[in-house]
Each structure stands twice: as structure tokens, then as C-alpha cells.
S.K.: 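Okay, here's the structure, questions in a sec.
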Amino acid sequence: METNTPPKSGTSFLKTCFNGVNALSGVGILSIPFALSQGGWLSLTIFITISAICFYTGILLQRCIDSSSLVKTYPDIGELAFGRKGKIVVATFMYLELYLVAIDFLILEGDNLEKLFPDASFHVAGGRLRIAGKQGFVLLFALLVLPTTWFRSLDLLAYVSLGGVLASAILIASVLWVGAVDGGVGFHENGVAVRWGGVPTAMSLYAFCFSGHAVFPMIYTGMRNRRMFPTVLLICFIICTLAYGVMGVIGYLMYGGSLRSQVTLNLPARKLSSSVAIYTTLINPFTKFALLVTPIAEAIEGVLGLGATGAGKPAQYRAAAVSVSVRTALVVSTTVVALAVPFFAYVVALTGSFLSATATMLLPCACYLRISSKISRKLGMLEIVACVGIIILGLGVIVIGTYSSLKQIVQSF
């Protein structure tokens, strides 16, 4: 097996951990209590199983990248495995997933800001045009997050990611405080053992929680010491699985079957801890949006030929201007879609079932098996059975979850 030589410069171990945790601990932390309420307590076994599977498939992506020095991105893995068609398929699923998650962030911001300021509205064009509160907040967030998407360095993004990691910790602590002390809510809901009708939704949301695979290659190839990637990935998955699990359990114990798509929407109004939780929720997408948009932007910039080095300063300035324009266009387009389809839970579930399950379960195993056969890498029977089993499970999540999510979205109109 040909191993890519670790770069002498790159992101440090600690900063890579920040980027990894930030990539995994996304908006799923808000929907995990709702997912648990949909599937019941026994669905936690599905949650833990999906976490373990996604960690394993993350390692498979690393092995695929190490198979050739020409492989740098997820679409490159698809091309090495299945040729140009494989690259197109992988790129389509990967970039659609990142694009939809970015849309989820915008919807989330609108929902939570509207809860904080229910009577707000915006007047523009000298008062002639009135924009409702939720739509206005989506537009406001898009304007604020736009400059962070212009960063092209993972080293710089790591500082933004640190804010996201801290925000997730504060969010969990604030919700716990509401239940234990400040909100008069307590942890008195018993819940149910299992709700079979809600298992597809729960499964899709769980898959969404661990959908960082689209950015794993970017994080791995940007590391200073790539040999530490398995350790980084293990640390990130342990932290995020514990964080998601704690949030899911306390949210379900607090609100049971009455949980809404985002646990922050259940919190009592005008309580300090509730306000802290909601404000922290607003910070979280702000720290993650750029990490999601960057791979899409880099792919577009690659097609436009902006990756070349050694050009003169005028050409570099033009390239920088085009890069800013590409990233700005991505923010504008995600904002338009977020305003048109405002159903947070169902969009998240659709992303998790159709796109995330494909990118995190199906494609890593299929590509790994294909690449291994191409380079005559000998695989053990257990490894083959594991990969085939994950592919079958992934297909089940995709078919059942996608049907359930689309049905709920259609019924919501």
C-alpha cells in the first residue's frame, strides 16, 4: 500500500481535534432528543451502532486516501474505486449533503431567533417592504456568517471550531440546568421503550449526527502528522457520542413525547438558562458553516482553475476575488432555499437518510472493497462481512428513511 507522506506544515493534533469535533457536533445535538422521542429508549442501541459504524467507515476513508498519492478528496476516492462515474456519484452525494446541512443551519437560526424575539419584524426600502421575523433572522445570519466562509486555511478555521466546541458544551450544560434547577421542569418523563413507527425518523436523525465524512478527507490531508488521524477520529467520536447521548437522554427525560424538532424550542421562555441555551445555539452554526461550505467552494474553485500556484500577484488577486464570489454565491443560494423550505426536522431527517447514510455507510465500504481488489490488498473475512453488512444496513436506512422523510415534508405543506 502506498502511504501519503505527512506534510511538514499543516494543522496540529489539537487543532485537528477541534475541527473534527466541530464537524461532527452539528445541529444534530438539537434534534437528538426529538430522535429519541420518536424511536424510544431502545433506539439508543441504533444510535450507538451507527456511531461505531461511522467511526469505522471514517478509518476506511483514510485507508482509501493512503492507497494512492493522487487521492486527496472524497470524490478522488470515488474515482480511484470506480473511475470518472464514481467520482461524479461521490461528489454529487457529498456536496449535496454539505449543502443541505448548511441550509439546516439557516433554518435553525431563524427558528431560535424567532423564539427569542417573537414579535420582531424588519422594514426595508424606507418601510415599504416588511420582512417577517423568521425570514429576517435567516437573512441576518447569512450576512453575519458570510465573512467566515472567505477563510481558506484550516488552521484559521480551527479557531472558529474551538468556539463551536465550547458552544456545544455550554448548550448541554444550559439544558441540564433548565431541567435540574431553573426551569421547574425536572426529569420526570418516563418515555416509552420503543415506537416502531418513529424508528425510521430516529434512525435518519442518528445517521445525520455522525455525518462528518464529507470533510474528513480535507481534515486528514491537512494534518501535520497524518499517522495520528485514527487517534484524532477516535477522540472526536467518543466526545460527540457522549455529548449527543447526554443531550438526548436529558431532553427526553425532561419533555418525553412532547419534544419539538429542536429541544431549545421546548425550553421555558424568559429564563436565564433558556436564553443562554438559545444564544449558544445561535453561535454553534456560526462556527460550523464555513467548515461545511469550504469543500464545495474548493471543488468549484478547482473547476475554475484557481488551485494553481506560482502566478503573479495580479492573478492571485483575481483568484482571491473569484474565490470570495464563489463562497458568497453559495451563502446566497443556501439562504434562498432555507427561506423556501422551513421544515427543520424533516429536512434534517431527509439529509440523514438519503445523503448522510450514503456518504457515511454505503460509499466508504463500497469504495474500500473496490480499491482493495484493484491494488490486490488482502482483506480478512471479518472485514469483508463487516463492509457488506454496513452496505446492507445503509441501503435500509436510505430507502426507509428517505420515504418517511419525504412523506412528512409533503404532508407539512
Side-chain angles (χ1 to χ4, degrees), residues 19-32 34-35 46-62 73-75 77-78 89-105 107-108 161 164 168 200-220 233 236-237 239-241 243-245 247-248 284-285 287-296 334 344-367 390-391 393-398 401-402 405:
N19 283 331
V21 171
N22 199 36
L24 284 172
S25 63
V27 293
I29 202 163
L30 297 175
S31 59
I32 197 77
F34 177 75
I46 300 175
F47 167 73
I48 295 169
T49 301
I50 289 176
S51 172
I53 287 172
C54 290
F55 167 73
Y56 176 67
T57 55
I59 297 296
L60 294 186
L61 288 182
Q62 179 205 0
T73 66
Y74 206 159
I77 294 172
V89 169
V90 171
T92 300
F93 278 98
M94 169 184 160
Y95 297 134
L96 266 177
E97 179 195 4
L98 292 173
Y99 192 79
L100 279 180
V101 175
I103 292 167
D104 294 333
F105 280 160
I107 298 172
L108 179 149
S161 294
S168 294
T201 299
M203 197 162 47
S204 300
L205 291 171
Y206 293 152
F208 178 84
C209 287
F210 299 104
S211 59
H213 292 57
V215 297
F216 284 168
M218 181 181 72
I219 291 172
Y220 173 55
L233 201 63
C236 293
F237 268 89
I239 290 172
C240 292
T241 302
Y244 281 133
M247 178 64 99
N284 231 330
T287 65
K288 303 176 197 305
F289 198 92
L291 199 62
L292 296 171
V293 170
T294 296
I296 308 175
T334 52
F344 178 80
Y346 303 146
V347 174
V348 169
L350 176 61
T351 308
S353 57
F354 182 58
L355 298 173
S356 298
T358 302
T360 60
M361 298 183 192
L362 206 60
L363 293 177
C365 292
C367 289
I390 292 170
I391 289 172
L393 177 63
L395 286 171
V397 173
I398 291 164
T402 301
S405 303

S.K.: Are Leu233 and Phe216 side-chain neighbours, meaning at least one heavy-atom pair lies under 4.5 Å?
M.R.: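 When only atoms from C-beta onward are counted, Phe216 and Leu233 do touch, with a gap below 4.5 Å.
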S.K.: Show the nearest heavy-atom pair for residues Glu97 and Ser211, with the distance to one decimal.
M.R.: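 Shortest heavy-atom separation between Glu97 and Ser211 comes out as OE2-CB, 2.8 Å.
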S.K.: Under a 4.5 Å cut-off applied to non-hydrogen side-chain atoms, are Ile77 and Val90 in contact?
M.R.: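 SC-SC contact between Ile77 and Val90 ruled out.
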S.K.: If we only count heavy atoms from C-beta on, is the Leu393 to Ile390 side-chain gap below 4.5 Å?
M.R.: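 SC-SC contact between Leu393 and Ile390 ruled out.
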S.K.: Compare every heavy atom of Ala357 with every heavy atom of Gly394, then report the nearest pair and how far apart it is.
M.R.: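 Smallest heavy-atom distance, with atoms named: O-CB, 4.4 Å.
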S.K.: So Asp104 and Phe208, do their side chains get closer than 4.5 Å, heavy atoms only?
M.R.: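 Yes, their side chains come closer than 4.5 Å.
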S.K.: So do Ile32 and Phe47 actually touch side chain to side chain, heavy atoms under 4.5 Å?
M.R.: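 Yes, side chains in contact.
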S.K.: Identify the two heavy atoms, one from Cys54 and one from His213, that lie closest to each other, and give their separation to 0.1 Å.
M.R.: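 Minimum heavy-atom separation between Cys54 and His213: O-NE2, 2.9 Å.
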S.K.: Of all the heavy-atom pairs spanning Ile391 and Ala366, show the shortest one and how long it is.
M.R.: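 So the minimum-distance heavy-atom pair works out to CD1-N, 4.0 Å.
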S.K.: Taking all non-hydrogen atoms of both residues, which atom of Val215 and which atom of Pro295 are closest, and how far apart?
M.R.: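 Reported closest heavy-atom pair: CG1-CG, 3.7 Å.
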S.K.: Quick check for you: to the nearest 0.5 Å, what is the distance between Leu362 atom CG and Leu395 atom CG?
M.R.: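 If we round to the nearest 0.5 Å, Leu362:CG and Leu395:CG are 5.0 Å apart.
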S.K.: Nearest 0.5 angstrom please: Thr201 OG1 to Tyr206 OH, how far?
M.R.: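 OH of Tyr206 is found 11.0 Å from OG1 of Thr201.
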S.K.: Roughly how far apart are Asn22 CG and Ser168 OG, rounded to 0.5 Å?
M.R.: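 It comes to 7.0 Å.
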S.K.: Are any non-hydrogen side-chain atoms of Ile398 and Met361 less than 4.5 angstrom apart?
M.R.: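 Answer no - side chains too far apart.
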S.K.: Nearest 0.5 Å, what's the SG-CD1 distance between Cys240 and Ile29?
M.R.: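 Rounded to the nearest 0.5 Å, the SG-CD1 separation comes out at 8.0 Å.
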S.K.: Just verifying a value: how many Å separate Ile46 CD1 and Met203 CE, rounded to the nearest 0.5 Å?
M.R.: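 So the CD1 of Ile46 and the CE of Met203 are separated by 6.0 Å.
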S.K.: With a 6.0 Å cut-off on the ring centroids, do Tyr244 and Phe210 count as close?
M.R.: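 Yes, close enough.
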S.K.: When the ring centroid of Tyr220 is compared with that of Tyr74, is the distance short of 6.0 Å?
M.R.: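 They do not qualify: ring centres at least 6.0 Å apart.
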S.K.: Under the side-chain contact (heavy atoms from CB on, under 4.5 Å) rule, what do Thr334 and Phe289 come out as? Steps first, then yes or no, please.
M.R.: CA-CA 11 Å; Thr334 52; Phe289 198 92; 3.8 Å; yes
S.K.: Contact between Tyr95 and Pro75 at the side-chain level, heavy atoms closer than 4.5 Å - yes or no?
M.R.: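 Yes - at least one pair of side-chain heavy atoms lies under 4.5 Å apart.
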S.K.: To the nearest 0.5 Å, what is the distance between CD1 (Ile219) and CG (Asn19)?
M.R.: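 Taking CD1 in Ile219 and CG in Asn19, the distance rounds to 5.5 Å.
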S.K.: Quick one, Leu96 and Phe354 - any side-chain contact, counting heavy atoms below 4.5 Å?
M.R.: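 Answer no - side chains too far apart.
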S.K.: I'd like to know if the side chain of Thr57 reaches the main chain of Thr360, judged simply by a donor and an acceptor atom lying under 3.5 Å from each other, with no hydrogens or angles considered.
M.R.: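 Side chain of Thr57 to backbone of Thr360, a donor-acceptor pair under 3.5 Å: yes, one is there.
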S.K.: Which atoms form the tightest heavy-atom contact between Leu24 and Gly212, and what is the distance?
M.R.: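 In this case the closest contact between Leu24 and Gly212 is CD2-N, 3.9 Å.
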